[in-house]
Amino acid sequence: MPSFDPSSFTFQTPSFLLEPTQFPTYTYSQPPRYEFTAGQEKATKTPEQKEIARKMRSMEKSLKNIQGLSGQKSVSYADLCMFPHVHLPLGFKTLKFEKYDGHGDPIAHLKRYCNQLRGAGGKEELLMAYFGESLVGIASEWYMDQDISHWHIWDDLAWDLVKQFQHNIDIAPDRNSLTNLKKKSSESFREYAVKWHEKASRVKPPMDEIEMVKVFLQAQEADYFQNMMSAIGKLFAKAIKIGKMVENRANPELIRHHSYLPSHSGWV
């Protein structure tokens with residue numbers, strides 16, 4: 001049997017040719033970018049980061065409000081409506097209210113408003129919800145700026161209105177001030193008389209027509225006073241007619257004749 005000599009064998013390591021495209025290499029000109037989903041990013045935020053993000057959103061919203069909405073926080077119905085939880089009763093019809101512009105007696109306006117809205121059955125929530133519809137001008141601006149959280153009942157709203165416009169009551173004309181209210185050269189007698197009558201209607205206690213004419217005559221210049229004496233005891237409308245005749249330089253005979261005409265309350 002032939003003998004086996006291991007030293008007679010030579011082992012050679014096989015060689016392999018590597019093509020350049022077989023094992024590609026990558027080079028990065030900048031650090032690799034990693035993309036995360038919104039859920040992953042949110043999950044990695046700490047409580048402190050969340051609080052900072054919330055404050056940033058709040059500041060951004062505040063800036064938009066200042067720039068675009070003049071401080072108005074929201075334009076939603078719930079924020080714009082002062083009484084969003086008040087519901088109208090079935091069949092209720094919106095009324096056309098007499099408007100209060102911040103001048104004149106606020107209590108007189110409250111009386112007119114309550115009389116107009118008596119169909120609401122005395123429900124205070126309706127009285128409060130519709131009160132803004134009876135205001136215009138500076139009174140409406142005052143109303144819209146109020147914090148209604150302290151208006152628990154109708155009386156709260158009503159007293160706030162009275163306190164705000166109390167000065168109109170304090171400076172209301174009296175009989176003495178009316179006698180000093182003279183006609184301006186730039187106004188007609190009728191314009192003057194209508195203005196005078198409007199102020200006279202605010203005097204407390206109120207005057208009847210007879211007293212009003214007497215006080216009106218005391219406010220006239222000498223030439224008017226002498227030629228309007230026939231208006232004493234007549235209605236205010238008659239005093240205006242006589243005053244217009246004096247203004248038109250009518251003769252005294254015509255004025256005395258006019259005083260005998262049937263009296264009426266129509267304005268001319």
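We count residues from 1, following the sequence as given. Computed from heavy atoms alone, side chains included, the values below leave out hydrogens, waters and symmetry copies.
No side-chain heavy atom of L157 sits under 4.5 Å from any side-chain heavy atom of Q146. By the 4.5 Å heavy-atom criterion applied to side chains, K184 and K195 are counted as neighbours. Side-chain contact check for V194 versus E198: every heavy-atom pair is 4.5 Å or farther apart. Using a 4.5 Å heavy-atom cutoff, the side chains of V215 and W196 are in contact. You'll find the side chain of M207 stays beyond 4.5 Å of the side chain of K214, heavy atoms only. Inter-residue side-chain proximity for I240 and H197 is flagged as unmet; no heavy-atom pair is nearer than 4.5 Å. Taking 4.5 Å as the limit, every side-chain heavy atom of F97 sits out of range of all side-chain heavy atoms of R112. L178 places a side-chain heavy atom less than 4.5 Å from the side chain of K199.
Between D208 and E211, the closest heavy-atom pair is OD1-N, 2.8 Å. Closest approach of M228 to G243, counting heavy atoms only: SD-CA, 3.8 Å. Summarising the geometry of Q116 relative to E98, their closest heavy-atom pair is OE1-N, 3.2 Å, with the distance given to 0.1 Å. Residues N168 and G102 come closest through the heavy atom pair ND2-O, 2.7 Å. Residues S230 and I242 share a closest heavy-atom pair of OG-CD1, 3.5 Å. Contact record, M128 with W151: CE-O, 3.3 Å, taken as the closest heavy-atom pair.
Between the side chains of D174 and S177, at least one donor N or O sits under 3.5 Å from an acceptor N or O. Checking Q220 against Y192 by side-chain atom types alone, a donor-acceptor pair falls below 3.5 Å.
Atoms NZ and CD, from K96 and E133 in turn, are 12.5 Å apart once rounded to the nearest 0.5 Å. To the nearest 0.5 angstrom, L217 atom CG is 12.0 Å from T179 atom OG1. I148 contributes atom CD1, which lies 12.0 Å from atom CG of D160 (distance to the nearest 0.5 angstrom). Taking CZ of F189 as the reference point, atom NZ of K241 lies at 13.5 Å (rounded to 0.5 Å). Atom CD of residue E124 and atom CG of residue D155 lie 6.5 Å apart, to the nearest 0.5 angstrom. Interatomic distance, CG of D156 versus CG of L161, reported as 13.0 Å (0.5 Å rounding).
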Open item on the list: Determine whether L127 and Y113 satisfy the following criterion, side-chain contact (heavy atoms from CB on, under 4.5 Å), listing intermediate values before the conclusion.
Closed with: CA-CA 9 Å; L127 288 173; Y113 175 75; 4.0 Å; yes
- [ ] I would like to know whether F165 and H167 meet side-chain contact (heavy atoms from CB on, under 4.5 Å); could you show each step before the answer?
- [x] CA-CA 5 Å; F165 299 103; H167 60 276; 4.0 Å; yes
Open item on the list: I'd like to know whether V162 forms a side-chain contact (heavy atoms from CB on, under 4.5 Å) with I107, so could you lay out the CA-CA distance, the side-chain angles of the two residues, the decisive distance to 0.1 Å, and finally the verdict.
Closed with: CA-CA 7 Å; V162 172; I107 296 179; 3.9 Å; yes
Task: Full working for side-chain contact (heavy atoms from CB on, under 4.5 Å) between V213 and K234 - done: CA-CA 7 Å; V213 170; K234 304 295 189 301; 5.8 Å; no
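If you chain together hydrophobic residues whose side chains sit under 4.5 Å apart, M212 and M229 fall into the same group. A continuous path of ILVMFWY side-chain contacts below 4.5 Å connects W142 to W159, so both sit in one hydrophobic cluster. Under the 4.5 Å side-chain heavy-atom criterion for Ile, Leu, Val, Met, Phe, Trp and Tyr, V136 and M144 are members of distinct hydrophobic clusters. L235 is not connected to I210 by any chain of hydrophobic side-chain contacts under 4.5 Å among Ile, Leu, Val, Met, Phe, Trp and Tyr, and they are in different clusters. The hydrophobic clustering, which links ILVMFWY residues whose side-chain heavy atoms are closer than 4.5 Å, places I232 and V246 together.
Between the side chain of Y100 and the backbone N or O of G104, at least one donor-acceptor pair lies under 3.5 Å.
Heavy-atom neighbours of K182 NZ from other residues, nucleotides or ligands within 6.0 Å: above the threshold of 12. K111 NZ: 12 or fewer foreign heavy atoms inside a 6.0 Å radius.
Taking the six-membered ring for Trp and thresholds of 30 and 60 degrees, F131 and W154 have ring planes more than 60 degrees apart, a perpendicular arrangement.
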